[in-house]
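Notes follow once the structure below has been shown.
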Number of protein chains: 2
Amino acid sequence: MAEKQLRRSLAILPMSTVMALTDLSARQIRYYETQSLVHPARNEGNRRRYSLNDVDRLLEVKDGLASGMDFATMRRLYAKTHQVESTQLESKRLSDERARHLLEAEMQQLAGMRPPQSGLQQHL
Amino acid sequence: MAEKQLRRSLAILPMSTVMALTDLSARQIRYYETQSLVHPARNEGNRRRYSLNDVDRLLEVKDGLASGMDFATMRRLYAKTHQVESTQLESKRLSDERARHLLEAEMQQLAGMRPPQSGLQQHL
DNA sequence: CTTCCATGTCAGAACTTATGACATGAAAGA
DNA sequence: TCTTTCATGTCATAAGTTCTGACATGGAAG
């Protein structure tokens with residue numbers, strides 16, 4: 001089960017992909033970051049690299065805003081869920097090779113299964 | 001079911017992400033393209049954009065090569081499976097908005113389910 | 001010994017992302 | 001109503017990434 005969390009926290013998606021997945025502008029995505037609502041990793045070249053967890057988060061923020069919720073509230077809300085998030089640090093310790101294989105599995109899921117009950121599906 | 005195929009054929013992944021997912025070099029990935037083994041889309045800026053189907057394909061090619069199979073053989077092999085691939089054209093007709101939502105669902109799957117039986121899982 | 005293959009590597013041009021600053025319409029206050 | 005604050009848009013400049021084409025190379029195949 002730890003693997004699932006790891007897969008989702010592998011940060012390999014660039015801004016353009018996240019924009020496509022969330023339908024948010026780069027400006028919005030970066031702004032939410034300044035509001036401490038997402039914490040993308042950075043590659044060697046200082047480019048933001050998002051994980052699927054980050055994408056989920058952004059979609060939640062998007063929903064929250066649409067629902068009139070403010071950032072402070074969302075920050076507080078997320079604080080609870082963040083206990084698990086420390087797993088993200090763990091992924092950084094994995095060799096690239098290992099990480100790749102984990103994400104491969106994760107991407108594979110895309111193939112065709114029933115969506116669980118987290119953030120993204122609400123947007124369907 | 002048509003949606004599933006659409007999701008997997010949404011091309012939004014850049015070279016760097018594909019490199020991370022396949023553990024192949026950019027050179028290899030582009031070379032396989034010259035061998036007609038993958039056909040990534042291009043964005044407005046002429047940058048390659050891969051779909052999850054493309055990633056799967058690349059992993060299959062990688063396996064094929066490791067098994068001593070040659071490109072011509074793989075090309076022939078894939079020809080069969082390509083009937084379905086025309087669906088990719090269909091995705092281009094979808095509005096961006098629509099496409100995004102489809103891929104969101106697809107990405108959502110990553111959340112946590114049992115992997116099906118296609119290419120990627122063989123690499124785990 | 002000579003070719004062909006699959007990759008590596010390099011160079012220059014074009015595209016993308018990063019940061020910081022200025023602008024703005026809509027809310028919220030005063 | 002006048003004034004801030006908020007969430008975004010838009011610009012400019014710098015730096016990172018990807019593209020294509022070309023030259024190089026170790027190992028297979030002849």
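Just so we're on the same page: letters track the sequence lines, and every chain starts at 1.
Rounding to whole angstrom units, CG of residue A/L37 and P of D/dC6 are separated by 14 Å. The CD atom of B/E44 sits 10 Å away from the C1' atom of C/dC15 (whole-angstrom rounding). Rounded to whole Å, atom P of C/dA6 lies 7 Å from atom CG of B/L65. The distance from atom NZ of B/K62 to atom P of C/dT7 is 11 Å, rounded to the nearest whole Å. In this structure, A/M74 places its CE atom 12 Å from C1' of D/dC6, rounding to the nearest Å. What separates CG of B/D70 from P of C/dC4 is a distance of 17 Å, to the nearest Å. Rounded to whole Å, the distance from CZ on A/R42 to C1' on C/dA18 is 7 Å. In this structure, the OH atom of A/Y31 is 18 Å from the P atom of C/dA23, given to the nearest Å.
Contact between the side-chain N/O atoms of B/R47 and the OP1/OP2 oxygens of C/dA14 is not found at any separation under 4.0 Å. Between A/Y32 and D/dT8, a side-chain N or O to OP1/OP2 separation shorter than 4.0 Å is present. Under 4.0 angstrom from either OP1 or OP2 of D/dG16 there lies no side-chain N or O belonging to A/R49. Taking only side-chain nitrogens and oxygens, B/N46 never comes nearer than 4.0 Å to OP1 or OP2 of C/dA13. Note on A/R48: every side-chain N or O is 4.0 Å or more away from OP1 and OP2 of C/dT17.
Contact annotation for B/N43: backbone-only contact, meaning every heavy-atom pair under 4.0 Å involves sugar-phosphate atoms and none involves a base.
Distance check: A/H39 NE2 to A/R57 CZ gives 6.5 Å after rounding to the nearest 0.5 Å. Taken to the nearest 0.5 Å, the OG1 atom of A/T34 stands 7.5 Å off from the CZ atom of A/F71. Between the CD atom in A/Q28 and the NZ atom in A/K62 there is a gap of 8.0 Å [rounded to 0.5 Å].
Comparing B/S25 and A/P14, the nucleotide of DNA chain C nearest to each residue sits closer to the 5' end for B/S25.
For C/dT9, its base sits under 3.5 Å from the side chain of B/R27 at one donor and acceptor pair at least.
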*Going through the checks in order, is the salt bridge (charged side-chain N to carboxylate O under 4.0 Å, His left out) test met by A/E33 and A/R42?*
CA-CA 13 Å; A/E33 185 180 341; A/R42 297 281 182 143; 3.8 Å; yes
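The backbone N or O of A/S51 lies less than 3.5 Å from a partner atom in the side chain of A/D54, making a donor-acceptor pair.
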